[in-house]
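Here the structure is laid out as structure tokens; the discussion comes afterwards.
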Amino acid sequence: MLQTHNHVTRHTTTAHLAQTMTLLSLTSEELRQRIENELSTNPALEMLDERRCPHCSRKLNNIEHCPICSQAKSDQSDEPVVFLSSREDFNLGASSFRENDLPDDNFSYQEEDLGVYVLGQIAPDLKPEDRKIAANILSNLDEDGLLDTAVIEIARYFHVPISHIEQIQKIFQNADPIGVASGSPQEALLVQLDVLNETHALPDLARPIIEQHMDLLSRRQDSEIARQLKSGLKKVRQAIHFIGENLNPYPARTHWGYNRSNRTWRGQIFSRPDVVINYLNDDPGEQLVVEVIMPMRGTLQVSPEFRNALRQAQAEKKELWKQDLENASLLVKCIQQRNHTMLRLMQRMVVLQKEYILSGERYLQPVTRARIATELEVHESTISRAVSGKTVQMPNRKIVPLSIFFDRNLNVRTVLKEVIEAETKPYSDSDLAEILAKEGFKVARRTVAKYRAMEGILPAYLRGTTRTT
DNA sequence: CTATGGCACGGATT
DNA sequence: AATCCGTGCCATAG
């Protein structure tokens, strides 16, 4: 009995395992594509309609009651709430990057369409008397979405102050595609950077590179930039990579730059987060609410009709359908399993890193994936897959990689940064090592130097007391 | 002599 | 098995 049972489950679990593993390493956005794909090819799968919480109209999946509301009513324990959610109303900034959400490589705006498209978005924000000016700006956009007439000329033409035109230009720039109607590629990049900065953690070097070394940037002279900024080459490369992946100097073109092989950062800026951490009702006094995002509305399930149809199916089709059915139920199970691990993982992480989430990076605990793996009694690789490539939206709306929860020295680095920020005279690395030791961080002098380099902080002798932004 | 960056090694982590 | 990280040693610059 036991043997046969084992045998049977073993058979399914090998397939199970293989698929759970692949599903686990997928981003919510990737999972969505996967599900959509399956859904259109496999007739045995269907998507059950969404249900909403009657109180807060949050979308519910696989659960009876909205955990937030029920938790809010039944007097709260201090435990954070962790649950599955398919909400889509992330606070992704002024305008989420709708067009860029879908990696459609051939997408490009037709000129007329661009005008209509942009105007449609900004029309409500325009005063009626500004319509004419807006129309004029639109007509002066080149095919890349940049303004090819100087602002001052437009101002002169309409007999209004330059600042007025610039104000309207700002409205344009914040519309989608972000940065449209900028005067130069550089300006477009900066606008995009600002918008992203509201909601995401960005490389520190991105702005100085764009501001000061646009010419070098366009020629990809990374080592030269590093030299001029007196910063680590690695940092610079990272920042340039970030710019190439996430910003676009020609707003109306979808992509620029080089190798869009997306492994390292996977365009995470534009994709939605996989986990959202927030305070209940956005009130910092309340407990934490953690939502593991299911990318699609509704509940995925094996269609009961299909099950019935299978019984009366003809012999020749039966085999094929049976296969479909099996795949379908496998997928459903695997997704459930994926969600289960994600939930357990986040549950644990939120408890361990609560201080970090509440009070910032210097309170980040050094935690290893291996430790979590033993605690949750799963294999290390499971945690690795669950973590890699995923992103978390923090209560302050910044989106960070989930792997940051496992950063071994971010806390030390932030304290280091703080110390240097506050210094009155530049400390040498050995001084810093001592100070850090007093703060409870025992690190070698050499290591301080490494951290400095990581943060792009100059050595003491090049460091004035006044910090340059 | 002091401060710092490069290289490389060993142990931990993935 | 591959990669990352902290550290020590050494060369170099001031």
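Throughout, a chain's letter reflects where its sequence line sits, starting with A, and its residues are numbered from 1.
- Each of A:E30, A:E38, A:E36 was scored for a salt bridge (Lys or Arg N to Asp or Glu O under 4.0 Å) with A:R34, with one residue passing: A:E38.
- A:R452 has a side-chain polar atom (N or O) that falls below the 4.0 Å cut-off from OP1 or OP2 of B:dG5.
- Here the range on DNA chain C touched by chain A, meaning any atom under 4.0 Å from one of its heavy atoms, is C:dC5 to C:dC9.
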Footprint string (nucleotides 8-14 of chain B, 5' to 3'): B base within contact, S backbone only, - free, heavy atoms under 4.0 Å: B----SB
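- Looking at heavy-atom distances under 4.0 Å, A:S428 makes contact with sugar-phosphate atoms alone, never a base.
- Within residues 346-353 of chain A, no residue has any heavy atom under 4.0 Å from DNA chain B.
- Judged as a salt bridge (charged side-chain N to carboxylate O under 4.0 Å, His left out), the pairs with a partner in residues 434-450 of chain A (not counting sequence neighbours) are, in order, A:R362-A:E439.
- Using a 4.0 Å heavy-atom criterion, one finds that A:Y427 contacts no nucleic acid atom at all.
- Proximity of a side-chain donor or acceptor of A:R413 to a complementary backbone N or O of A:Y451 within less than 3.5 Å is not detected.
- A:L23 has its side chain within reach of A:L331: a pair of non-hydrogen atoms, C-beta onward, lies under 4.5 Å apart.
- Evaluation of the side chain to side chain donor-acceptor pair (under 3.5 Å) rule for A:N42 yields no partner, not counting sequence neighbours.
- Counting only residues at least two apart or on different chains, the ring pair (Phe, Tyr, Trp, His ring centres under 6.0 Å) pairs with a member in residues 320-356 of chain A are A:F306-A:W321, A:Y356-A:F405.
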